[in-house]
Q: 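This is the structure, below, for whatever I ask next.
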Amino acid sequence: MSLVSADEFELASNLKSNLSSFGLIPNDWTYSIFVNFYCKKNDPTEAKSVLDYMLDNGFEPNVATLTTLINTFCENGRLQDAFKVFDIMSSIGCEPTINTYNCLLKGLCYVGRVEEAYDLMGSIKKSSMKPDIYTYTAVMDGFCKVGRIHEAFELLCEAIEMELSPNAVTYNTLFNGYFKEGRPLRGFGLLRRMRARECKPDYITYSTFLHGLLKWGKMKAALSIYKEMIETGFRVDERMMNTLLRGLCRWSREEKELLKDVRNVFEEMRQRNYTVCPDAYDLVVEALCSGRDMEKGFEILTEMITIGYSPKTFTFNVVIKSLCAIGEVDRALAVFKVMHKNRDPRGIPFNALINQLNRKGRLLEARFVYAIALKRGVVPKSKPSKYLIVHHK
């Protein structure tokens, strides 16, 4: 049994083949171990062969062994085989436990046979056996998977009325159901219910909730859950942090107060050595430049190029225009020299650069930019000044 528990399948298999050479005679327990062995290897067909040998030779499998085999068949979607083993239990007088029924309920829901699962649950409630919270959770999960979350919620209420204690797995099932239905904000009410019943949200609770909010574009709500996760000590994975970062950048176009959160999330990703994806980099640069944080925006653009990413033309444009707007024409020219090759010239902000160079009296450079535009087939509206512009104080 120790070899099976330790996943030492090859050693266990060798031992099985050589039992007789050691003078050992297998008994009920021995064969039960090998049924479990094949189930753990996810080979229910071979496990069933061992069970058939046991039955043919007068050995008696116990309820735990038969339940394990039923569960393995269910996890592989082989419901017909699972119910055959269930029928064997009845034929040999082995009473199923609530765990046995729970395995069948999960199996039925796994293949979408939710009505049958609900009917089976009804039969359990009418019998002398009492459903446990795992019974309810299995059927709730089935309802959620087919978009019947209202019925899943009713089962939650019923379980509480029966004085059962829903666990995080039970609530996570509903979080996932609300997310699939496109109603992730309902999760806040569910979170309050969990806490009211002193059920502590786990990592899956938060990550499921956050994923749903991000999926449906509820960025402010997602930000609050993200902050709660960080405060609780949970780590948000790289993919979700990239999604959160992109969403915050887009929302910051209208709500500039979110720029602080853009910086915080970006720095958090850096500290964790997460890879910031190229489109997130583009959006961060745009957000910072549009928010007048040119120093940081220019720094991140430089970092982006250094690590081998190619910023979008739109990103370059935002940076150049923002630099020109604050009179940083040297930096704007440096960015222009990096970007203008191998790009569609129609997207290059020639006008902004020429205007700023004119204002600075840098006529030769203005002509240089104008000449590049003409060479690339673009005639800018702005033209280099013929005369030095003198600004009087």
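Since the structure is predicted, the reported quantities are computational estimates derived from the model, not experimental observations. Residue numbers start at 1 and run along the sequence shown.
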Q: Pair Val262, Leu245 - check side chain to side chain contact (heavy atoms under 4.5 Å, CB included), show working.
A: CA-CA 6 Å; Val262 169; Leu245 184 59; 4.2 Å; yes
Q: With side chain to side chain contact (heavy atoms under 4.5 Å, CB included) as the criterion, how do Ile326 and Ser322 come out once you've worked through the C-alpha distance, each side chain's angles and the decisive distance to 0.1 Å?
A: CA-CA 7 Å; Ile326 59 171; Ser322 299; over 6 Å; no
Q: For residues 233-250, pull every pair meeting salt bridge (Lys or Arg N to Asp or Glu O under 4.0 Å), keeping only residues two or more places apart or in separate chains.
A: Arg246-Asp279
Q: More than 12 heavy atoms of other residues, nucleotides or ligands under 6.0 Å from CD of Glu257: is that the case?
A: yes
Q: Whether the side chain of Asn358 engages the backbone of Lys383 through a donor-acceptor N/O pair (distance < 3.5 Å, no angle test) should be reported.
A: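 Between the backbone of Lys383 and the side chain of Asn358 there is a qualifying donor-acceptor contact (under 3.5 Å).
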Q: Who clusters with Phe179? Use side-chain heavy atoms, under 4.5 angstrom, across I, L, V, M, F, W and Y, and order the result by chain and number.
A: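 Direct or chained contacts put Phe179 with Trp216.
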Q: With Tyr53, which residues qualify under ring-ring contact (aromatic ring centres under 6.0 Å, His included), at least two apart?
A: Tyr31
Q: Could you check whether any side-chain heavy atom of Asn242 comes within less than 4.5 Å of a side-chain heavy atom of Tyr274, counting everything from C-beta outward?
A: no
Q: Leu190 and Phe175: which non-hydrogen atoms are nearest, and at how many Å?
A: CD2-N, 3.7 Å
Q: At their closest point, which heavy atom of Ser385 faces which heavy atom of Arg367, and how far apart are they?
A: O-NH2, 3.9 Å
Q: To the nearest 0.5 Å, what is the distance between CG (Leu105) and SG (Cys74)?
A: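 Reported value, rounded in 0.5 Å steps: 9.0 Å.
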Q: Should Ile230 and Tyr226 count as side-chain neighbours, where that means a heavy-atom distance under 4.5 Å?
A: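 When only atoms from C-beta onward are counted, Tyr226 and Ile230 do touch, with a gap below 4.5 Å.
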Q: Quick one, Lys360 with Asp330, criterion salt bridge (charged side-chain N to carboxylate O under 4.0 Å, His left out). Give me CA distance, side-chain angles, the key distance, then yes/no.
A: CA-CA 11 Å; Lys360 294 284 185 179; Asp330 288 318; over 6 Å; no
Q: Measuring from atom CG of Asn36 to atom OG1 of Thr68, what distance do you get when rounded to the nearest 0.5 angstrom?
A: 4.5 Å
Q: Work out which heavy atom in Pro380 is nearest to a heavy atom in Asn351; give both atom names and the distance.
A: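 Taking Pro380 first and Asn351 second, the nearest heavy atoms are CB-OD1, 3.4 Å.
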Q: Taking atom SG of Cys39 and atom CD1 of Ile70, what is their separation to the nearest 0.5 Å?
A: 10.0 Å
Q: Shared ILVMFWY cluster between Trp251 and Leu244, side chains joined below 4.5 angstrom?
A: yes
Q: Could you state whether Ile354 and Val379 fall into the same hydrophobic cluster, counting links through intermediate Ile, Leu, Val, Met, Phe, Trp or Tyr residues with side-chain heavy atoms under 4.5 angstrom apart?
A: yes
Q: Quick test of your reading: applying salt bridge (Lys or Arg N to Asp or Glu O under 4.0 Å), list the pairs with at least one residue in residues 185-212, sequence neighbours left out, ordered by first then second residue.
A: Arg195-Glu228
Q: Please collect all side chain to side chain donor-acceptor pair (under 3.5 Å) contacts where either partner lies in residues 117-129, sequence neighbours excluded, each pair once.
A: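 The answer is Lys125-Glu158.
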Q: Indicate yes or no: does Glu268 engage Arg272 in a salt bridge with an N to O separation below 4.0 Å.
A: yes
Q: When rounded to the nearest 0.5 angstrom, what distance separates OH in Tyr203 from CG in Leu210?
A: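 The distance works out to 8.5 Å.
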Q: Using side-chain heavy atoms (C-beta onward) and a distance below 4.5 Å, is Ile300 in contact with Phe266?
A: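 Yes - at least one pair of side-chain heavy atoms lies under 4.5 Å apart.
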Q: Using the rule that two of Ile, Leu, Val, Met, Phe, Trp, Tyr join whenever any of their side-chain heavy atoms come within less than 4.5 Å, decide whether Leu223 and Met240 are in one cluster.
A: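 They do share one cluster, since a chain of ILVMFWY contacts under 4.5 Å joins Leu223 to Met240.
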Q: Do Val63 and Glu95 have side chains that get closer than 4.5 Å, going by heavy atoms?
A: no
Q: If a pair satisfies salt bridge (Lys or Arg N to Asp or Glu O under 4.0 Å) and one of its residues is in residues 214-223, list it, with sequence neighbours excluded.
A: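 Output for this query lists Lys220-Glu255.
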Q: Who are the side-chain hydrogen bond (donor to acceptor under 3.5 Å, both in side chains) partners of Thr137, not counting sequence neighbours?
A: Thr170
Q: Applying side chain to side chain contact (heavy atoms under 4.5 Å, CB included) to Thr173 and Phe143, what does each step give before you reach the verdict?
A: CA-CA 10 Å; Thr173 295; Phe143 278 134; over 6 Å; no
Q: Report the C-alpha separation of Ser90 and Asp87 in whole Å, then their side-chain angles, then the decisive distance to 0.1 Å, and conclude whether the side-chain hydrogen bond (donor to acceptor under 3.5 Å, both in side chains) test is met.
A: CA-CA 5 Å; Ser90 177; Asp87 291 339; over 6 Å; no
Q: Is there a donor-acceptor pair under 3.5 Å between the side chain of Asp282 and the backbone N or O of Lys312?
A: yes
Q: Between Asn355 and Ser382, what is the shortest heavy-atom contact and its length?
A: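 Of all heavy-atom pairs spanning Asn355 and Ser382, the closest is OD1-OG, 2.9 Å.
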Q: Just checking, is any N or O donor in the side chain of Thr65 or Asn62 under 3.5 Å from an acceptor N or O on the other one?
A: yes
Q: Using the salt bridge (Lys or Arg N to Asp or Glu O under 4.0 Å) rule, collect all pairs that involve residues 50-77, keeping only residues at least two apart or in two chains.
A: Lys48-Asp52
Q: So if you build clusters from Ile, Leu, Val, Met, Phe, Trp, Tyr with side-chain heavy-atom gaps below 4.5 Å, do Ile320 and Val329 land together?
A: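 Yes, it is one cluster - the side chains of Ile320 and Val329 are joined through contacts under 4.5 Å.
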Q: So, taking the atom named CZ in Arg263 and the one named NZ in Lys296, what distance separates them when rounded to the nearest 0.5 Å?
A: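 Arg263 atom CZ to Lys296 atom NZ measures 8.5 Å (nearest 0.5 Å).
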Q: Output the distance between atom SG (Cys249) and atom CG (Leu288), rounded to the nearest 0.5 Å.
A: 7.0 Å
Q: Going by atom types alone, do Thr208 and Asn176 pair a side-chain donor with an acceptor below 3.5 Å?
A: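 Their side chains do not contain a donor-acceptor pair, so the 3.5 Å distance test is not met.
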Q: Apply side chain to side chain contact (heavy atoms under 4.5 Å, CB included) to the pair Val335 and Phe298, showing each step before the final yes or no.
A: CA-CA 9 Å; Val335 174; Phe298 189 77; 3.5 Å; yes
Q: Could I get the full list of ring-ring contact (aromatic ring centres under 6.0 Å, His included) partners for Tyr206, not counting sequence neighbours?
A: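 Phe234.
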Q: Got Ser224 and Phe188 here, is their nearest side-chain heavy-atom distance under 4.5 Å?
A: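 Touching, per the 4.5 Å side-chain cut-off.
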Q: Can you find a pair of side-chain heavy atoms, one from Cys94 and one from Ile88, that are under 4.5 Å apart?
A: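 They are not in side-chain contact.
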Q: What residues, two or more places apart in sequence or in another chain, satisfy side-chain hydrogen bond (donor to acceptor under 3.5 Å, both in side chains) together with Asp43?
A: none
Q: Can you confirm whether more than 12 heavy atoms, excluding those of Ile204, are under 6.0 Å from its CD1 atom?
A: no
Q: Within the structure provided, determine whether Asn76 and Asp81 are in side-chain contact (heavy-atom separation under 4.5 Å).
A: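 A side-chain contact is absent here, since even the closest heavy-atom pair is not under 4.5 Å.
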Q: Considering only residues two or more places apart or on different chains, which pairs with a residue in residues 104-117 satisfy side chain to side chain donor-acceptor pair (under 3.5 Å)?
A: Arg113-Glu116, Glu115-Arg148
Q: Compare every heavy atom of Arg292 with every heavy atom of Ala325, then report the nearest pair and how far apart it is.
A: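 Result for this residue pair: CB-NH1, 3.8 Å.
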Q: Decide yes or no for Lys130 and Met162: does some side-chain heavy atom of the first lie under 4.5 Å from some side-chain heavy atom of the second?
A: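 No. Closest side-chain heavy atoms not under 4.5 Å.
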Q: Can you see which heavy atom on Leu104 is nearest to which on Leu79, and at what distance?
A: O-CD1, 4.4 Å
Q: What residues form a ring-ring contact (aromatic ring centres under 6.0 Å, His included) with Tyr101, not counting sequence neighbours?
A: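 Residues passing ring-ring contact (aromatic ring centres under 6.0 Å, His included) with Tyr101: Phe86.
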Q: Are Val319 and Ile307 in one and the same hydrophobic cluster, where Ile, Leu, Val, Met, Phe, Trp and Tyr link if side-chain heavy atoms are under 4.5 Å apart?
A: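 Same cluster.
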